[in-house]
Amino acid sequence: METAIRLNRLHKSFGPTPIITDVNLDIVKGERHAIIGPNGAGKSTLFHLISGRYEPTSGDIELNGESIGGLPPYEIYRKGLSRSFQVTNIFARMSVYENIRCAVLWVKGYKYSFWNRVDNMEDVNERTEEILERINLADRAFVPAGLLAYAEQRALEIGIAIAGGNQVIILDEPTAGMSHSETEQVVELIRSVSEGKTLVMVEHDMGVVFNLADRISVLVYGRIIATDTPENIRANPAVQEAYLGVEADHE
Amino acid sequence: MLEITIFSLLNGTVYGLLLFMLSSGLTLIFSMMGILNFAHASFYMLGAYFGYTISSHIGFWPGLIFAPLIVGVMGALLERYALRHVHKHGHVAELIFTFGLAFLLEELTQFFWGTDQQAYKGPSLLDFPLFTLFDANFPAYKAFMLLISIGIFLGLLLVLTRTRVGLIIQAAITHPNMVNMLGHNVPFVFMATFGVGTALAGLAGTIAGPVMGTYPGMAHDLGSIVFVVVVFGGLGSLAGALVASLMIGIIQTFAVGLNYSVSDFLVTIGVSFPADHFLHDIWTMTLPQVAPLIPYLMLILILIFRPMGLFGTRET
Amino acid sequence: MSTLTDLRRSMVAEARRRQRLTWLISAVVLVALPWIFSSSFSISIMTQIGIAIIFALSYNMLLGQGGMLSFGHAAYFGLGGFLAMHAMNYIADGAIPLPVPLLPLIGGVIGLFFGFIIGTFSTRRAGTVFAMISLGVAELIAALSLIFVGFFGGEEGVSSNRTKGPDFFGFNFGPDIQVYYVAAFWALIAAIAMFLFSRTPAGRMANAVRDNAERAEFIGYSQRNVRMISFCLSGFFAGLAGGMFAIAYEIVTEETLNMNQSGAVLLMAYIGGVGYFIGPIIGAIIMTLLRTVLSNFTELWMLYVGLLFIATVMFVPSGLTGLLMMHGPAWKRRSLKRLLAPYAAISIPSLAVIMGVGGLLELTHFAHTTSMDDRVMTLFSIPMNIDSLLPWAGLIALFIGGVLGVRRLRPMLLDAWADANGAGGGD
Ligand SMILES: Nc1ncnc2c1ncn2[C@@H]1O[C@H](COP(=O)(O)OP(=O)(O)OP(=O)(O)O)[C@@H](O)[C@H]1O
Ligand SMILES: [Mg+2]
C-alpha cells in the first residue's frame, strides 16, 4: 500500500506550549480518513502543518514520499494537496464564479500568464462550471461571494478546495455550523468528489465520520491515541474515555 | 572636532527627544487603535501655529499650555466625527483618510496663516546662551526643550507603569485585540487616545516652532521622519520609538555637522577623479547632503530585513 | 452543455461586443475632440488628461486591483520622464534614431526596471508595510534627485527639444495638436492593455490576493509573485506616462517625482473610484480639469481639492464612479427618471451650501491678502465689500439656508430612491 501523507514524529509548539506532540500517521492512498478529537486538541494545527501554513517545530511530513515540511503553501498545493478551512476563507469581493475559476487556473497550467485572457480558456471555464454545478452554486455564480448565505459559503469553501482536482484533499470541519439537511448534501458531495482520491477530514459530527471514513484517528491534547477502522474506534475503551464520553456529555 | 561632537550630541538629543514626543503619540494611537496616523505631523504643525498666534497675543507661556490643549481637542473631535466614520471601511481607508487630512490641514494652515514663515519666537526669559564652549553658544531655549521632552518622557513612563490607565494601555499594546475585551468604553478610549496623542504632537510643535521654523511645509518635512521612527523602532513599541528617535536625531545632526564628501575620503586613499567625470555628483556628495537620505535608507533596510522593526513584535 | 455554460458564453460575447464598441467610440472621440475644443488651452488640457489617465490607471493596478496602497508612485513616473528626457536629448543630437512618439516606451522600460528592483523587496507584504516602503523609496528618490544634479538637473530640471527627432511621416511634433494625438494614442493603447491585463490569470489573481492573500497561496499562487507582476507592469505604465509627459512639456523637474505628485495620483484614482476600471479615468479627467480650470478662478483650488478628497473618503469611499454605479439597478428597472425631480430639487440647496462655504472661504482669503485700499471683491459676479457686514451675513445665510434645505429634502430623496430601486429591495 502506498502512503499519500506520512507524518513522522511531528512536533509543533507555539512558544513554550506544545500543541502537536510526536504525531506519527500514515494516510494510505485512496482512503477516506477522519481525524476526531475534542476542541483545542490541535486538529486544525495539524492541518496547518500539513498544508504549509505553519512550519513544524520538528519532525517530517511527506506527501507521496516527498518531504514537504516547511514548504510554503503554494508549493505543497502544486505537489498535489489542497485544503479547505474551518473558518470560511474565500475571496469575498469576487464573484462565486471567479472564486472557483481562480482555484482552477494553476492546475490547468496557466500559472502567472499575463497574456492569455481567462474568457478564452474554455477548459478553465468548463471546469469551473462543472464544479459550480457540483456544489450547487450554479444559480449563484455571479453573486459576490461575500453576500452568500453561510451554508453557501461553506459549499464554496469546499468548492475552492476541490476545484483544482488535486489528488489529496484535506477538509477542516466541512459541515461546521450546518443544518441536518445541509450536512447530508455536503456528505454526498464529499463522497463523490473524493472518489478515487485521498481524503483527510476533521469532523465533529460523528454521524458524518462513521458514514464516510474508512479509518479514523483520534487526536487528544496533540497526541494521536488511536488510529483504526470506525468499528474498532467505537469499541476502543481509551477513545471512549478520552473523547467519545466527553463528547456525549456535550450533546 | 570635540566641539562638533559635543554640540552634535546635544543638538541631536534635543532633536531626537522632539521626535520621540511626536512618535510616542503616534505609537500610542497605533497600538490602541491600529491606525497609522499619516496626519500626525500636521498636528505638530498646528501646535506651532497655535503657539505662535497665542504667543503673539498673550505671550509664550499661555501658548505653551493652550496650544497643545486646542490641538488635542481638535484631534479628539476629528476622531469622534470623522475617523470613526471611516473606521468601518478598514485600515487602508483610514490610512487614506489621514493622508487626505494631512493634505487638507496643510492647505487650511496656508489659508489661515499664509504661506510665509511666521515669526514665532521663544520667550525672552530664555533668550540667552546657557553656556559657551569653544566660542559656540548653547541657547537656554534648547535646554528648556530638552527639559520639557525629558519631563514628558518621564511622565509617560510614570503613567504607563504606575497607573491603572497605564496598565490598560500596556495590555492593549501587547495584546491589540484585548482592548475590546477590557470592558471599558472603547469609543471613548479611542477618542481619548487620539486626543492625547495629537496633544503630544501639538506640544512638540509648540516648543519646536521657534527653533525649527513655523511654516506650512513643516509637517511634510517632519512627517515622513516620524514615520521612519515608529516603523524603525517597531510599530507599537514605545521603547523602540525612543531608541529610534535618538538614533535618527543624533545620526542626522552629526551628518549635517561633518562636512566631508566622498572624494575627501577617496583622496585619503589616493584616488581622485576629474571634475568632468560623469559620476561627478557621487564623488562630490557630502555628508550634509546625504543627511536627509539616511532616515529613508534606514526605513527601507529595516523593512526588508526586519519588518517588525527594532523592538516590535508584530508586522503590521 | 449546462445552462451555466450557455449563460457564461452569452455574457462573454455580450461583454466583448460592448468592449469593442467602447474602445471604438473612445478612439473616435479622441480623434474628434480637437475639432470641438480647438483652442490651444483646451488642447493642452486634453494632452494633460491623456497623461493623467495613463498614470492614474497604472496606480489603480496597485491600489484597486492589487490592494497595494502606494504613497510613492510618482517615482516611476518621474524616473521614466527623466530618462525619456535624456533620450530626447540624444535623439536631438542624432545619437539614437528613435522617432519621438516612441519615447514613452523608453519611459515605460525604465519604470518597469525600477518597479522590478523595488518590487523584489516591497511586494512581500501588502498593507501598512507596503505603504511605508513605498513612502520611504519615494522620499529617497526625491531626495536623491536633488543631490544628483548631473542627472536630474537640480532645481531647473532637464529640458530638451521634441522637434529634432528623425522624420516620422512628416510630423515634427512642434504643434501642440500633434502632441495631443501622440498622447491620445498612448492613452488609448495603455488603457486597452491595462484592461486586458485585468482579464488574464495574473490580473484575476491580483484581485484574489487583494481579497485574501492567504487563501491565494492555498490554490497554488505565491502572493509575492502575483503582486510583483502587477507592480512591475504598473511601474511600466507609470513610466510610459512619464515619458509622455517629457514629450508634452519638453522639461522634467524634481516636481514630477516628489511626494506631491505621488499624492496627486492617489487623489485622482480615489476620487474617481478605485473599485472600477473606469474610476481612475474619471478621476484623471476631473482632477486635471480642477487643476487647470479651477486654478484660473481661485488660488484656493488646492483647498477645495482637499475638501473634496476628505468628503469622498468619508461619504463615498467607492468614488464618483461608485456614485454613478449605484444608479445601475434603477437604470435597469427604467425608474431612473423618478429620481430626476428630487435630484433637481436637492441640487438647489446643495449649491447654496457649496456657494456659501466657497464664498466665505474666498472672502476670508481676500480679506487676508488684500491691501488697505482694495476692499471690494467680485464674487459670483457680485461686488462685495469686505468691510461691510452684508456680504458675510449673506453668505452665512446662504450656507445655513442650504443646510436646512438639504435636511428638509433628504427624506423625500430617500423615499424616491427606495421607490426607484423597488422599495424594500433598495440599496
Ligand atoms: N497561532 C497560534 N498561536 C498560539 N496558540 C495557538 C495558535 N494556533 C492554535 N493555538 C492553540 O493550539 C490549540 C489547538 O488549536 P486547534 O485550532 O488546532 O484546535 P482544534 O483541534 O482544531 O480545535 P477545534 O475543534 O475547536 O477546531 C488551541 O489551544 C489553540 O489555542
Ligand atoms: Mg479546528
Side-chain angles (χ1 to χ4, degrees), chain A residues 51-53 72-78 81-85 88-94 97-122 124-126 128-130 132-133 137-139 141-142 144-146 157 160-161 163-164 166, chain C residues 1-16 19 61 64-65 67 124 192-234 236 274-275 318 427:
Chain A
S51 62
R53 192 190 208 185
Y74 50 92
E75 296 280 1
I76 294 174
Y77 176 90
R78 293 172 197 173
L81 181 144
S82 51
R83 68 164 295 177
S84 76
F85 288 80
T88 305
N89 202 354
I90 56 181
F91 306 108
R93 283 166 63 189
M94 303 188 340
Y97 194 99
E98 289 289 355
N99 268 264
I100 298 294
R101 179 154 66 185
C102 284
V104 173
L105 284 171
W106 187 274
V107 173
K108 291 285 178 194
Y110 291 101
K111 303 187 173 171
Y112 297 104
S113 157
F114 52 89
W115 49 90
N116 287 318
R117 277 193 283 167
V118 286
D119 295 330
N120 297 340
M121 300 170 180
E122 255 334 271
V124 169
N125 293 327
E126 274 170 16
T128 304
E129 284 142 17
E130 182 198 325
L132 285 170
E133 304 280 359
L137 287 179
D139 51 343
F142 302 106
E157 175 71 42
I160 295 175
N166 270 345
Chain C
M1 203 70 354
S2 73
T3 51
L4 179 57
T5 305
D6 294 337
L7 176 62
R8 184 253 310 165
R9 286 202 179 133
S10 69
M11 279 170 66
V12 168
E14 166 65 22
R16 208 164 269 179
Q19 282 152 22
M61 280 175 95
Q65 291 175 38
R124 215 167 25 173
I192 294 177
M194 282 186 263
F195 178 78
L196 290 181
F197 168 75
S198 75
R199 305 295 313 161
T200 65
R204 301 282 78 202
M205 284 313 295
N207 284 350
V209 166
R210 171 199 70 196
D211 277 14
N212 189 342
E214 183 191 42
R215 186 62 190 255
E217 301 227 313
F218 289 95
I219 54 174
Y221 285 86
S222 140
Q223 49 174 307
R224 180 184 187 168
N225 290 353
V226 170
R227 285 199 200 98
M228 183 71 184
I229 291 170
S230 297
F231 194 78
C232 289
L233 289 177
S234 165
F236 174 83
V274 292
S318 54
D427 211 319

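To find a chain, count down the sequence lines: A is the first, B the second, and so on, and within it residues start at 1.
When side chains are defined from C-beta on, A:Asn125 counts as touching C:Arg8, because their heavy atoms get closer than 4.5 Å. Residues C:Glu214 and A:Arg53 meet the side-chain proximity criterion, which asks for heavy atoms closer than 4.5 Å. For the pair C:Asn225/A:Tyr74, no side-chain contact is recorded, criterion being any heavy-atom separation below 4.5 Å from C-beta on.
Nearest heavy-atom pair, A:Cys102 versus C:Ala208, reported as atom, atom and distance to 0.1 Å: SG-CB, 4.3 Å. Counting all heavy atoms, side chain and backbone alike, A:Ala138 lies closest to C:Leu4 at O-CD1, 3.9 Å. Among all heavy-atom pairs drawn from C:Thr200 and A:Val118, the shortest one is C-CG1, 4.1 Å. Here the closest non-hydrogen pair linking C:Ala202 and A:Phe114 is CB-CB, 3.8 Å. Residue A:Asn120 comes nearest to C:Arg16 through the heavy atom pair OD1-NH2, 2.7 Å, listed as atom of the first residue, atom of the second, then distance.
At a 4.5 Å heavy-atom cutoff, the contact between A:Ala92 and chain C is made by backbone atoms alone. For A:Arg78, the part lying under 4.5 angstrom from a heavy atom of chain C is the side chain only. Contact annotation for A:Ala161: both backbone and side-chain heavy atoms come within less than 4.5 Å of a heavy atom of chain C. Only the side chain of A:Leu132 has a heavy atom closer than 4.5 Å to any heavy atom of chain C. Of the atoms belonging to A:Arg101, it is side-chain heavy atoms, and not backbone ones, that fall under 4.5 Å from chain C. Contacts between A:Tyr77 and chain C at a heavy-atom distance below 4.5 Å involve the side chain alone, from C-beta outward. Both the backbone and the side chain of A:Glu129 come within contact range of chain C, judged by heavy atoms closer than 4.5 Å.
Between chain C and the residues A:Met121, A:Glu130, A:Lys111, the largest count of heavy-atom pairs under 4.5 Å involves A:Lys111. With chain C as partner, the option from A:Ile76, A:Val107, A:Ile90, A:Asn166 having the largest number of non-hydrogen pairs under 4.5 angstrom is A:Ile90. For the options C:Arg210, C:Gln223, C:Met205, heavy-atom pairs under 4.5 Å to chain A are most numerous at C:Arg210. Considering only heavy-atom pairs separated by less than 4.5 Å from chain C, the leading option among A:Ser113, A:Ala145, A:Gly52, A:Ser82 is A:Ser113.
The salt bridge (charged side-chain N to carboxylate O under 4.0 Å, His left out) search around A:Arg93 returns none, not counting sequence neighbours. Applying the ring pair (Phe, Tyr, Trp, His ring centres under 6.0 Å) criterion to A:Tyr112, with sequence neighbours excluded, gives A:Trp106, C:Tyr221.
Here C:Asn212 contributes atom CG and A:Asn89 contributes atom CG; the two are 4.5 Å apart, rounded to the nearest 0.5 Å. With rounding to the nearest 0.5 Å, the separation of CD1 in C:Ile219 from CG in A:Asn99 is 8.0 Å.
For A:Glu157 and C:Arg215, the salt-bridge test passes: some basic side-chain N is under 4.0 Å from an acidic carboxylate O.
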